[in-house]
Amino acid sequence: MTADTQREIERKYEATPGTRLPVLTGVAGTARTVDQGVTDLDAVYYDTADLRLAAAGITLRRRTGGGDAGWHLKLPVTPGTRDEIRAPLADEVPDALAALVRARTRGAAVVPVVRLRSSRDVRHLLDERGALLAELSTDTVRADRLNGSGRHAEWTEIEVELADGGDPAFLDAVHKRLRKAGLRPAASPSKLERALVETGWHPPREPEADGSAGDHVLRYLREHAEALLTYDAAVRRDLPDSVHRMRVATRRLRSALRSYRTVLDRAATDPLADELKWLAGELGAARDHEVLTGRLTAGTDALPDTLLLGPVRARLQAWAAAGRAATRERTTAALDSDRYLALLAALTALLAEPPLRRAARKPAAKVLRGAVLKEYERLAARVDHALALPAGTARDLALHDARKAAKRVRYAVEAARPALGKPAKRFARRMKGVQQLLGEHQDAVVARGTLRELAVKAHAAGETAFTWGLLYGREEARAERCERELPQVWGRAAPGGKAGRL
């Protein structure tokens, strides 16, 4: 089964009895409107019994009628923009679409929840050359809940969908004309949400802020738990930078659980933090290979052709392709595993009933500042230890440990920033500088190991290893430069060796 993706950028408007569409010719290059007639559409929307997909703004439907009959999965990108992934018409939810929402459904049955029957009156907005700018439709809708309640709703709405490759500014111009004519933006972002709301569903809302330490930490955890689930689908679709973003969300969650043990009971959070470490490791294989490939490719590209001796580019490309395939398989296997689903279930349960400690009820600033300073002290000890060691493998490992500690401080202060304000923002920026320098050092160390392996293979194949040795030397020089700069960067990050400026 195949699936294809289309970016959907649209605006929806309420239509009340007597609503009349204004003339749109002349709006942002619209030369004429062409009536496309009326089409009857029949769609059944699928979700879990507790509407997990709807709560995330996701729609999964099986639709007949019109020119795009089939299965459609719509994933939110930004307000008014969704990626629609289509699959051919079939009786059951296609496996490719089910996999993209697996992190949300987590084994729960996906069943019909709403049936929408629409009569769609379509007009095309064309420019002077006859090219499509947007499709404007007036939909008369009847929605029926399929949960046995017998509830239904009826309404009419107007939708303007931008043509493929169109400029979103066009929708802004149309919006002004429609608003001037008295139309107002739809309250719900999708027909499904409106159908559910009008038949008794109440979308989940985040608790009101109370300024406590527990409130701040839980908001941070919810934000990155949602990011983790969002990037799950992106990783499965192999979208650019998705593995990195999902890994960062995983690390931020784990860091918050570790750093804020005074707020959340570690007896409950430590097992989850361990599982998040496992997931970050599985994602890390793909991300680390991606970063290393980019680094080695850039290093090779920077050399003049006179220094590229032997089939250097071909060997590097073969190594990169083999590694990408292997790490992609590892990532997919992790996301398809029962262990991953158990992790998501545990995270959901923890956020539903957080194991708050006494400090969670206290004002956020003092509690969170204390946790950040404790993480900083841990980092300071690691940096001091690394700087005291002679150059070599032991120092490389110590600097890598310091890098991980710097990242943990940075994440801790990011979580505390809403409570601590600008001082936290400045402190996070200084910690990011330390982390980046240590990251550059670690990348050089890892690159040297890979370059040595490539040189050994080249030599065994009868090729010259000159270029690999040259690249190795350059990475060695980069690592040495980072080590020389670290005392200065560290001194700027924490003047006087103290972080009490928070």
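FYI, side chains are in, hydrogens and waters are out, and symmetry mates aren't considered; it's all heavy atoms of this structure.
Across all their heavy atoms, Ala233 and Leu100 have their closest contact at CB-O, 3.6 Å. Closest of all the heavy-atom pairs between Val372 and Ala416 is CG2-CB, 4.1 Å. Across Ala286 and Thr327, no two heavy atoms sit closer than the pair CA-CB, 3.5 Å. Thr25 and Ala31 make their closest contact through CG2-O, 3.7 Å (heavy atoms, listed as atom of the first residue, atom of the second, distance). Smallest separation of non-hydrogen atoms from Ser259 and Glu375: OG-OE2, 2.9 Å. In terms of heavy atoms, Leu162 sits closest to Pro168 at CD2-N, 3.7 Å.
Looking only at side-chain heavy atoms (C-beta outward), Val174 and Leu178 come within less than 4.5 Å of each other. Side-chain atoms of Arg145 and His152, non-hydrogen and from C-beta on, never get closer than 4.5 Å to each other. Residues Tyr45 and Leu196 have side chains not in contact (no heavy-atom distance under 4.5 Å, counting atoms from C-beta outward). The closest side-chain heavy-atom distance from His175 to Arg179 is below 4.5 Å. Using a 4.5 Å heavy-atom cutoff, the side chains of Leu183 and Glu14 are not in contact. Between Ile85 and Trp71 the shortest side-chain heavy-atom distance does not fall below 4.5 Å. Counting heavy atoms from C-beta on, the side chains of Tyr231 and Val243 never come closer than 4.5 Å. With contacts defined as side-chain heavy-atom distances shorter than 4.5 Å, the pair Trp201/Glu193 qualifies.
Taken from OG1 in Thr262 to CG in Leu368, the straight-line distance is 8.0 Å, to the nearest 0.5 Å. The CD atom of Gln436 lies 10.0 Å from the CZ atom of Arg403; values are rounded to the nearest 0.5 Å. Between the OG atom of Ser188 and the CZ atom of Arg194 there is a distance of 6.5 Å, given to the nearest 0.5 Å. Interatomic distance, Lys180 NZ to Lys176 NZ, rounded to the nearest 0.5 Å: 11.0 Å. If you take CG on Leu347 and CG on Leu257, they are separated by 8.0 Å, rounding to the nearest 0.5 Å. Distance check: Arg247 CZ to Ser242 OG gives 13.0 Å after rounding to the nearest 0.5 Å.
Thr105 contributes a side-chain N or O that, together with a main-chain N or O of Val101, makes up a donor-acceptor pair within less than 3.5 Å. His289 places a side-chain N or O within 3.5 Å of a backbone atom of Ala320 that can act as its donor or acceptor partner. The backbone N or O of His244 lies less than 3.5 Å from no partner atom in the side chain of Asp241, so there is not a single donor-acceptor pair. Under the 3.5 Å distance criterion, the side-chain polar atoms of Asp265 are left unmatched by any main-chain donor or acceptor of Pro355. With hydrogens and angles ignored, the 3.5 Å screen pairs no side-chain donor or acceptor of Thr332 with any backbone N or O of Glu329. Remark: side-chain polar atoms of Thr348 are paired, donor with acceptor, to backbone N or O of Leu344 under 3.5 angstrom. Looking at Thr30, its side chain never comes within 3.5 Å of a backbone N or O of Gly26 through a donor-acceptor pair. In terms of modelled atom types and a separation under 3.5 Å, the side chain of Arg82 and the main chain of Pro76 share no donor-acceptor contact. Panel note: side chain Asp83, backbone Val77; no donor-acceptor pair is recorded below 3.5 Å.
Taking the charged nitrogens against the carboxylate oxygens, Asp238 and Arg328 do have a contact shorter than 4.0 Å, which makes a salt bridge. Looking at Asp40 and Arg120, no side-chain N of the basic residue comes within less than 4.0 Å of a carboxylate O on the acidic one, giving no salt bridge. In summary, Arg295 and Asp288 do not engage in a salt bridge, as defined by a charged side-chain N under 4.0 Å from a carboxylate O. Between Asp42 and Arg115, at least one side-chain N (NZ, or NE/NH1/NH2) sits under 4.0 Å from a carboxylate O, which counts as a salt bridge. One finds a salt bridge joining Lys12 and Glu10 here, because a Lys/Arg side-chain nitrogen approaches an Asp/Glu carboxylate oxygen to under 4.0 Å. Under the 4.0 Å criterion applied to side-chain N and carboxylate O atoms, Asp232 and Arg104 are not assigned as salt-bridge partners. Between Glu135 and Arg123, no side-chain nitrogen of the basic residue sits less than 4.0 Å from a carboxylate oxygen of the acidic one, so the salt-bridge criterion is not met. Using a cut-off of 4.0 Å between Lys/Arg side-chain N and Asp/Glu carboxylate O, Lys191 and Asp139 are scored as salt-bridged. Salt bridge Arg417/Glu414: absent, no basic N to carboxylate O contact under 4.0 Å. A salt bridge links Arg117 to Asp144: at least one charged side-chain nitrogen sits closer than 4.0 Å to a carboxylate oxygen. Salt-bridge annotation for Glu159 and Arg11: absent, with no side-chain N of the basic residue lying under 4.0 Å from a carboxylate O of the acidic one.
Residue Arg222 places its CZ atom among more than 12 non-hydrogen atoms of other residues, nucleotides or ligands, all under 6.0 Å distant. Crowding of Asp50 atom CG: a count of heavy atoms from other residues, nucleotides or ligands under 6.0 Å exceeding 12. Other residues, nucleotides and ligands contribute over 12 non-hydrogen atoms within 6.0 Å of the CD atom of Glu206. By the neighbour-count criterion of 12 heavy atoms within 6.0 Å, atom CD of Gln6 is densely surrounded, having more than that number from other residues, nucleotides or ligands. Surrounding CZ of Arg324 are at most 12 heavy atoms belonging to other residues, nucleotides or ligands under 6.0 Å away.
Using modelled atom types, one finds a donor on one side chain and an acceptor on the other under 3.5 Å when comparing Glu157 with Trp155. Under 3.5 Å, the side chains of Arg86 and His72 contain no donor-acceptor pair of N or O atoms. Side chain to side chain, His224 and Arg252 fail the donor-acceptor criterion of an N or O pair below 3.5 Å.
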Original post:
Can Asp336 and Arg236 be said to form a side chain to side chain contact (heavy atoms under 4.5 Å, CB included), step by step?
Top reply: CA-CA 10 Å; Asp336 286 341; Arg236 292 178 188 275; 2.8 Å; yes
Subject >> Derivation and outcome, side chain to side chain contact (heavy atoms under 4.5 Å, CB included), residues Tyr411 and Val248 >> reply: CA-CA 10 Å; Tyr411 290 159; Val248 168; 4.0 Å; yes
**OP:** Could you walk me through whether Glu161 and Leu171 pass the side chain to side chain contact (heavy atoms under 4.5 Å, CB included) test, one step at a time?
**Re:** CA-CA 8 Å; Glu161 182 175 345; Leu171 294 184; over 6 Å; no
Subject >> Working for ring pair (Phe, Tyr, Trp, His ring centres under 6.0 Å), residues Tyr260 and His216 >> reply: CA-CA 11 Å; Tyr260 294 109; His216 278 265; 10.0 Å; no
Original post:
Can you check side chain to side chain contact (heavy atoms under 4.5 Å, CB included) on Arg62 and Val93, steps first, answer last?
Top reply: CA-CA 8 Å; Arg62 181 185 187 276; Val93 179; over 6 Å; no
Subject >> From CA spacing to verdict: salt bridge (Lys or Arg N to Asp or Glu O under 4.0 Å), Arg32, Asp127 >> reply: CA-CA 7 Å; Arg32 58 196 175 100; Asp127 66 13; over 6 Å; no
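Geometrically, Arg339 engages Trp278 in a cation-pi contact defined by less than 6.0 Å to the ring centre and at most 45° from the axis.
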